[in-house]
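The basis for the numbers below is simple: all heavy atoms, side chains too, and nothing from hydrogens, waters or symmetry mates.
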Amino acid sequence: MKLIVTEKNDAAGQIARLLSDSGKPKADKVYDTPVYRFRRGGEDCVTIGLRGHILQPDFPPELKFNDEEGWFGVTAEGEVLPADVPDGLARPPYDTKRKPYLKDGIDIKGWKIASLPYLVWAPIEKTPAEKGIIRSLKNLAKKADSVVIGTDFDREGELIGSDALRQIREVAPDVPVSRARYSAFTKAEIDHAFNNLVELDQDLADAGESRQYIDLIWGAVLTRYLTTARFSGFGNTRSAGRVQTPTLALVVERERERMAFKPEDYWVISGEASHGEEEPFKVSHTTARFWDKDAADAAYANVAGAKEARVTAVERKSRTQRPPAPFNTTSLQAAAAAEGISPARTMRLAESLYMDGLISYPRVDNTVYPSSLDLKDCVRTISKVPQYAPTCKALLSQPKLTATRGKQETTDHPPIYPTGAADPEKLQPAAWKLYNLIARRFLATLMGPATIEGTKVTFDVNGEPFQASGNVLANPGFRSIYPYGLKKDDQLPELHEGDVCDVQKMDLLAKQTEPPARYSQGKLIQEMEKRGLGTKSTRASIIDTLYQRKYLKNDPCEPSQLGMAIIDALNTYAPRITTPEMTSELEDDMTKVAEGTDTQTQVVTHSRALLAGMMDGLIEHTEDLSEAIADAVTADAKIGVCPKCGRDLVVKTSAKTRGSFAGCMGWPDCDVTYPLPQGRIEALEGEAAVCPDCGAPRIKVQPFRQKAYETCINPACPTNREPDVEVGVCHACAEAGRTGKLIAHKSERTGKRFIRCTNYDDCGTSYPLPQRGKLEATGEECPDCGAPMVIVTTARGPWKLCPNMDCPGREKKAAAGRGRGRGTGTKAASAKKPAAKKAATKKKA
DNA sequence: GCAAGGTC
């Protein structure tokens, strides 16, 4: 039996299909791992897909725990370090034996500053990360007569293959092993690869492993340093890494530019004019920006009371807009980010669309459809989606389809395109939004350009030159299916030279130049790609990490004080980690290892020595760094000023309930606290930061998936008070022979709004209410449970609801599925569950 | 408890 090992399940299936004599391999399982069995030229074959890397590099366990004797060692392979490591950099002195060790009476284990110079030189072991896959792989290897490594044709693929081979060798030391190199899933390519097998390129795999080791060493050492320099409890990891830190530095650098920006004053003269009965249009002085106030005043004086604008010229120009290139991962992430889906979310949604057979493989660099892709067949497939049917029909009536081509052409996977017809009713809204984007993009790449008719009209207004411009989509072309990012038409009336328009108004506006904009997540992804930071598969999750670490906040990306403090500190003491150069130098080193002109040990040792040199400066300044981090964290937590004592009011976490509240930094001298509303809390600046009614801080609240609002933090403030509303009678009291009224009430202590019976102490009847929106009684009772129905009016409009969380009607609705309001809440909760489960199992593993 | 890289 021939065993074929691929990088992922998808590839295992495709290769089996392409190699099998019958074209129909048999899907089977070994333990829980899917495999594909087939015959090829009379030989039994089986393909198994790994799950990317199956081994995880890590430090030896004895370096991780504080309850064991420590060890310190030398090279990654447990070999003596080369003698040319500069003296004073290589610490501790070389030792060839792995044994428990206390160095100079210092315990060097665990997360502490003193252990870091040793951690720099600690050996690295590779531990199984995918135990189930490894078990299945070994099971098959025992029975195999030959093995072919068919992982992806790149550096990480070679490493993944080499790791797999190590596992295979443990159970089948003598089985012949070869390597298949292919870069497209076509019959010709795969046949060629398997008819021309080569050897595994161990140098290339070593290059990949060097990358793993260097990333781990630098990441772990700097992360442990930053985290322990000022330990703020578990869950407050302060990380650093070869990719994440330069990415954070980009955002910080842009923020510094913004802070250093000096706005310049300028003036604009603009107004409105109309022609006959037609819609008025905007006119502005041909001097778009007056930098001199006197000049602006003078020009404005000429036109202030003007009644007429005489057309002096009409210029028409039509522009064509070419249809977009096919999507690869980066361009999809950027386009989806512009539609409000973060890159990380895009990848999660894309993965599930891919698993549902609705889109092609989502991790690609390629932007050119391969000739093997039957474009017409794809169009036919998605023509079943009613929204696309007319466009598809038009495309299918063409004798031949030609697609746009992007700049990046690789052959591993096709660009992202729809592979199935989706039903919007069966997808969660965001998944449909993404599918719709992908499907429309695909159709757009097959269509003609759009033509935009541009008109520029110049006017004379009392001797001053003015202009108006209009843009109209004259021939929509691909824009008929792909409206993303399309500007709205500015229609001008039909005007000719000499026509006279009526000036409706004319203003002199004082303006200021704006600082450079913050990076949106989409722009940041593109910037990372430009600078060689991360890969298509990692960029989205790296940005996510920066948010999790609280280095970044908001969208567009804004660095926190903590994020800026981390970059400042690393810029001073470990500048190598803050720039993209570390990545480009690593690339050069890996090329050398792959070419055999350098070795993994040399490259990794050199990198360790560089880091060791930086640790001196860092450790010397631990105290400074500790203070800088503490100050930054306090500044980030600040949401206002204490009205009683004037010290900072910050977000604190209750030790008892783990919930957060606002508390004065002056505690225990000052006991001011406030409850916090649900959502993300931000400080306001300037006058808006203090409530004029009660003196407490005003804050901005961003609730989950709802509109942000500003409020006074004090629930007892007159601005937060709400009159009680009688919403109905209490049935429980009526049954008990009492009279109870149900009152909607907002607590001045907690700020929470709820319905409670006037006899609450006796009958215990209470219902929760939505915390936001205007509340009204209806006088009606819920047909399912008898609770009083209420109306809550939010920005989304009025919404009638039963407040009873246990109402049988709720379950009915939940079962029926869709619906707005609380229905979405239920959906969100159920959608969350699998993710939570995943996290739990991951923890276990 | 750490990184970045694969993939589910």
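Comparing dG6(B), dC2(B), dA4(B) by their nearest atom to the side chain of Arg211(A) picks out dA4(B). With dC2(B), dT7(B), dG6(B) as the choices, the nucleotide that has an atom nearest any side-chain atom of Ile160(A) turns out to be dG6(B). Comparing dC8(B), dG1(B), dA3(B) by their closest approach to the side chain of Glu130(A) singles out dC8(B).
Following rounding to the nearest Å, Met347(A) (CE) and dG5(B) (P) show an atom-to-atom distance of 14 Å. In this entry the distance linking CZ of Arg608(A) with C1' of dA3(B) reads 14 Å, nearest Å. Atom CG of Leu159(A) is separated from atom P of dT7(B) by 13 Å (rounded to the nearest Å). If you measure from atom CG of Leu55(A) to atom P of dA3(B), you get 20 Å, rounded to the nearest angstrom. Here dA3(B) presents its P atom at 9 Å from CG of Leu216(A), a figure rounded to the nearest Å. The NE2-P distance, from His413(A) to dG6(B), rounds to 11 Å in whole Å. The interatomic distance linking Leu119(A) (CG) with dA3(B) (P) rounds to 13 Å, in whole Å. Counting to the nearest Å, the P atom of dG5(B) and the CZ atom of Arg363(A) are 14 Å from each other.
In terms of position along DNA chain B, the nucleotide closest to Gly233(A) lies nearer the 5' end than the nucleotide closest to the other residue of the pair Asp154(A) and Gly233(A).
Partners of Asp365(A) by side chain to side chain contact (heavy atoms under 4.5 Å, CB included), not counting sequence neighbours, listed by chain and number: Gln408(A), Thr410(A), Lys536(A). Residues passing the salt bridge (charged side-chain N to carboxylate O under 4.0 Å, His left out) test with Glu189(A): none are found, sequence neighbours excluded. With sequence neighbours left out, Ala141(A) forms a side chain to side chain contact (heavy atoms under 4.5 Å, CB included) with Leu3(A), Ile168(A), Val171(A). In terms of the side chain to side chain contact (heavy atoms under 4.5 Å, CB included) criterion, residue partners of Ser607(A) (sequence neighbours excluded) are, by chain and number, Ile214(A), Trp218(A). Scored by the side chain to side chain contact (heavy atoms under 4.5 Å, CB included) test, Gln561(A) finds Met564(A), Ala632(A), Ala635(A), Asp636(A) as partners (sequence neighbours excluded).
Using modelled atom types, one finds no donor on one side chain facing an acceptor on the other under 3.5 Å when comparing His53(A) with Glu130(A). Neither side chain, Ser342(A) nor Gln521(A), offers a donor N or O lying under 3.5 Å from an acceptor on the other.
The residue Gly219(A) sits close only to the backbone: its heavy atoms come under 4.0 Å of sugar-phosphate atoms, none of a base. Using a 4.0 Å heavy-atom distance criterion, Glu351(A) is classed as a sugar-phosphate-only contact. Nucleic acid contact class of Glu7(A) (heavy atoms, under 4.0 Å, all strands): sugar-phosphate only. Counting any heavy atom pair closer than 4.0 Å across all strands shown, Tyr225(A) reaches no nucleic acid atom.
Less than 4.0 Å separates DNA chain B from at least one heavy atom of each of the following residues of residues 529-545 of chain A: Gly534(A), Thr535(A), Ser537(A), Thr538(A), Ile542(A).
Note on Arg155(A): every side-chain N or O is 4.0 Å or more away from OP1 and OP2 of dG6(B). Checking the phosphate oxygens (OP1, OP2) of dC2(B), no side-chain nitrogen or oxygen of Ser239(A) falls inside 4.0 Å. The shortest distance between the side-chain N/O atoms of Tyr213(A) and the OP1/OP2 oxygens of dA3(B) is not below 4.0 Å. Between Arg224(A) and dA3(B), a side-chain N or O to OP1/OP2 separation shorter than 4.0 Å is absent. Considering only side-chain N and O atoms, Gln244(A) lies under 4.0 angstrom from the phosphate OP1 or OP2 of dA3(B).
Taking all atoms of both residues into account, the shortest heavy-atom contact from Thr47(A) to Ala16(A) is OG1-CB, 3.7 Å.
Applying the 3.5 Å distance criterion, the base of dC8(B) shares no donor-acceptor pair with the side chain of Asn9(A).
Ring-base stacking between Trp218(A) and dA3(B) is not satisfied when judged by a centre separation under 5.5 Å and a plane angle under 30°.
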